[in-house]
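Remember, it's 1-based here, ligands and their atoms both numbered in the order they're listed.
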Amino acid sequence: MNDCIFCRIINGQIPSFKIFEDEHVLAILDIGPLNQGHTLVMPKAHFEFFDECPDGISTKISAAVVKVAKAVKDASGADGYNVLCNNGKAAGQLVGHVHFHIIPRFTGDGVFDRWPAKQYEIGQAEKILEKIKAKL
Ligand code: AMP
Ligand code: ZN
């Protein structure tokens with residue numbers, strides 16, 4: 001995937017601030033951090049959506065997210081952190097190579113101030129619940 005900026009970083013064609021890598025996973029600093037230490041964890045193989053990753057890869061990404069999240073939290077002195085994976089343009093994904101954001105959070109930092117929660121109308125929760133379960 002030559003046109004994928006993250007594949008190009010993985011191949012060494014574009015420089016990055018590399019935090020961690022192994023055979024399957026790379027973690028780098030996000031070039032446009034929401035807070036200092038904002039990190040991206042990605043598989044070295046190109047998949048667009050998280051649910052396209054085979055089990056062998058998704059488990060390795062998850063383990064790397066846990067490991068790197070602890071390092072980011074401890075190093076940045078953050079009060080907390082968000083782990084975020086945007087899947088698809090509608091969800092805000094700008095780079096079509098699956099990646100997890102680890103965003104250090106500080107009390108009152110104003111990042112993600114708004115969480116536009118909705119409410120289920122009567123019967124809606126049961127309906128979507130059954131649809132999701134049928135797809136498992
Ligand atoms: P997303 O909207 O989830 O696809 O996020 C893409 C992220 O990639 C953004 O937060 C960008 O700041 C980050 N990004 C884009 N190009 C680079 C790059 N060359 N090195 C590091 N991070 C990048
Ligand atoms: Zn890619």
| remark: Using heavy atoms and a strict 4.0 Å limit, residues surrounding ligand 1 turn out to be I5, F6, I9, I28, L29, D30, I31, G32, L40, N86, G92, Q93, L94, V95, H99, H101

| query | Does the pair E21/K44 count as a salt bridge with the N-to-O cut at 4.0 Å? | reply | yes

| Vertex the Zn ion (ligand 2), arms to H46 ND1 and C4 SG, rounded to 10° | 110°

| message | What do you get for the angle at the Zn ion (ligand 2) between SG on C7 and ND1 on H97, to the nearest 10 degrees? | response | 110°

| message | Quick check: is F6 connected to F50 through a chain of hydrophobic side chains (ILVMFWY, heavy atoms under 4.5 Å apart)? | response | no

| task | Could you note down all residue pairs passing ring pair (Phe, Tyr, Trp, His ring centres under 6.0 Å) where residues 115-136 supplies at least one of them, sequence neighbours left out? | result | none

| task | Ignoring hydrogens and angles, tell me if any N or O in the side chain of R105 forms a donor-acceptor pair with the backbone of A78 under 3.5 Å. | result | no

| request: Return yes if some donor-acceptor pair links the side-chain N/O of D79 with the main-chain N/O of T107 below 3.5 Å, else return no. | output: yes

| query | Are F47 and L26 connected in the hydrophobic side-chain network, where two residues link if heavy atoms are under 4.5 Å apart? | reply | no

| request: Anything under 30° is parallel, anything over 60° is perpendicular, the rest tilted; go ahead and classify H97 against H46. | output: perpendicular

